[in-house]
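Let me begin by presenting the structure, written as structure tokens, before commenting on it.
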Number of protein chains: 2
Amino acid sequence: MASLGELERAVMDLLWAGHEAATANTLRDRLAQTSVGRDGAAGHEGKELAVTTVLTVLSRLEKKGLVERERGTRPHRYQAVSSREDHTAELMHEVLGSAPDREAVLARFIGSVSEGEAETLRKLLGHL
Amino acid sequence: MASLGELERAVMDLLWAGHEAATANTLRDRLAQTSVGRDGAAGHEGKELAVTTVLTVLSRLEKKGLVERERGTRPHRYQAVSSREDHTAELMHEVLGSAPDREAVLARFIGSVSEGEAETLRKLLGHL
DNA sequence: TAGAGTTTCTACAGAACGTAGAAAACCTGC
DNA sequence: GCAGGTTTTCTACGTTCTGTAGAAACTCTA
């Protein structure tokens, strides 16, 4: 229940962007600004998505527990349940969790981390 | 291109088990021993899979680059391309890679690691 | 209250996956 | 060398997930 489709991810990116801007968004705002992931991704350049499409995706994301909406206000407000960072970290734990030998995995993982990041990790582990 | 279905994962588990036992396996062996993930997983208890089913799954896994087979010998020999640990670590990097703020993710990740594992990480990071 | 925006319901097409039969290719004991 | 079993390939079907969106219902605001 963890993986997202391309459009679902694009929508999450929107919400996360809003998260950073500390605004719970109505769809329209964001859609207007960004044309929902239709910019970078190959092949979809000129395409304009129907609003209902985005709504559908949001509902699915809600069902998956990634998005939360306030139904009180009329244009509902949608927001990501957790920040992108939290979500990603959680995903990493999910991946790790499925392994019988967690420490071995961690060893490999650390082995291929950049020096800068290794430094960060050392710091983080320092004060625990 | 990263996520596996339930049966695909079960088959990988078989191959990984063989990997640890340092044996490149023929299907039959393993199937006989383990009845392909039909033990633990809920709902599938008595089910017996057709051999062709497993073969199909193996082909798909091969196409995904997770499995490798020697076509020379007659009963082909199948094996995982990388160990479970390597594969898992790689997956973690994949997840991490998609984040704009990697260090923030790492911070969260570390935050919810057990003390024992934190200790392991410290050691690993020590000699780099 | 009419019109515009928003949400829900329903639906369809394509891909991925679980599943397996039919047929072809191959080996082994006789 | 061949009959019969084993293994592989090809093909296919049903289900689920995802992208996509129309039609209809709902709800504000002028």
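Keep in mind the model is a prediction, meaning the values are calculated, not measured. Every chain is numbered from 1 and lettered A, B, ... according to where its sequence line falls, protein lines coming before strand lines. Computed over heavy atoms, backbone and side chain alike; hydrogens, waters and symmetry mates excluded.
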Who passes side chain to side chain donor-acceptor pair (under 3.5 Å) against [X], sequence neighbours left out?
| X | answer |
| --- | --- |
| B:Thr120 | A:Glu103 |
| A:Arg102 | B:Glu117 |
| B:Ser59 | B:Arg69 |

Residue [X], side-chain heavy atoms: nucleotide from [options] that is nearest:
| X | options | result |
| --- | --- | --- |
| B:Leu7 | C:dT8, C:dG18, D:dG19 | C:dG18 |
| B:Arg60 | C:dT19, D:dT20, D:dT8 | C:dT19 |
| A:Leu49 | D:dA21, D:dG19, C:dA20 | D:dA21 |

Item to check | Pairs touching residues 90-110 of chain B that satisfy ring-ring contact (aromatic ring centres under 6.0 Å, His included), sequence neighbours left out | outcome: A:His93-B:Phe109, A:Phe109-B:His93
Suppose we screen for salt bridge (charged side-chain N to carboxylate O under 4.0 Å, His left out). Which residues come up paired with [X], at least two apart in sequence or across chains?
| X | value |
| --- | --- |
| A:Glu8 | A:Lys64 |
| A:Arg60 | none |
| A:Glu119 | A:Arg122 |

Checklist outcome for this item: B/S/- along nucleotides 22-28 of chain D (protein heavy atoms under 4.0 Å) is BB--BSS
Checklist entry - At what angle, to 10 degrees, do the two end axes of the helix from C:dT1-D:dA30 to C:dC30-D:dG1 meet, given five pairs define each axis? => result 10°
Item to check | side-chain N/O A:Lys64 vs D:dT18 OP1/OP2, d < 4.0 Å | outcome: yes
Checklist entry - Should A:His76 be listed as having a side-chain N or O under 4.0 Å from OP1 or OP2 of C:dT7? => result yes
Next on the checklist: Any base atoms under 4.0 Å from A:Arg9, or only sugar-phosphate, or nothing? Heavy atoms, all strands.
Outcome noted: nothing
Checklist entry - Looking only at heavy atoms, which two atoms of A:Leu58 and A:Leu15 are closest? And how far apart? => result CD2-CD1, 3.9 Å
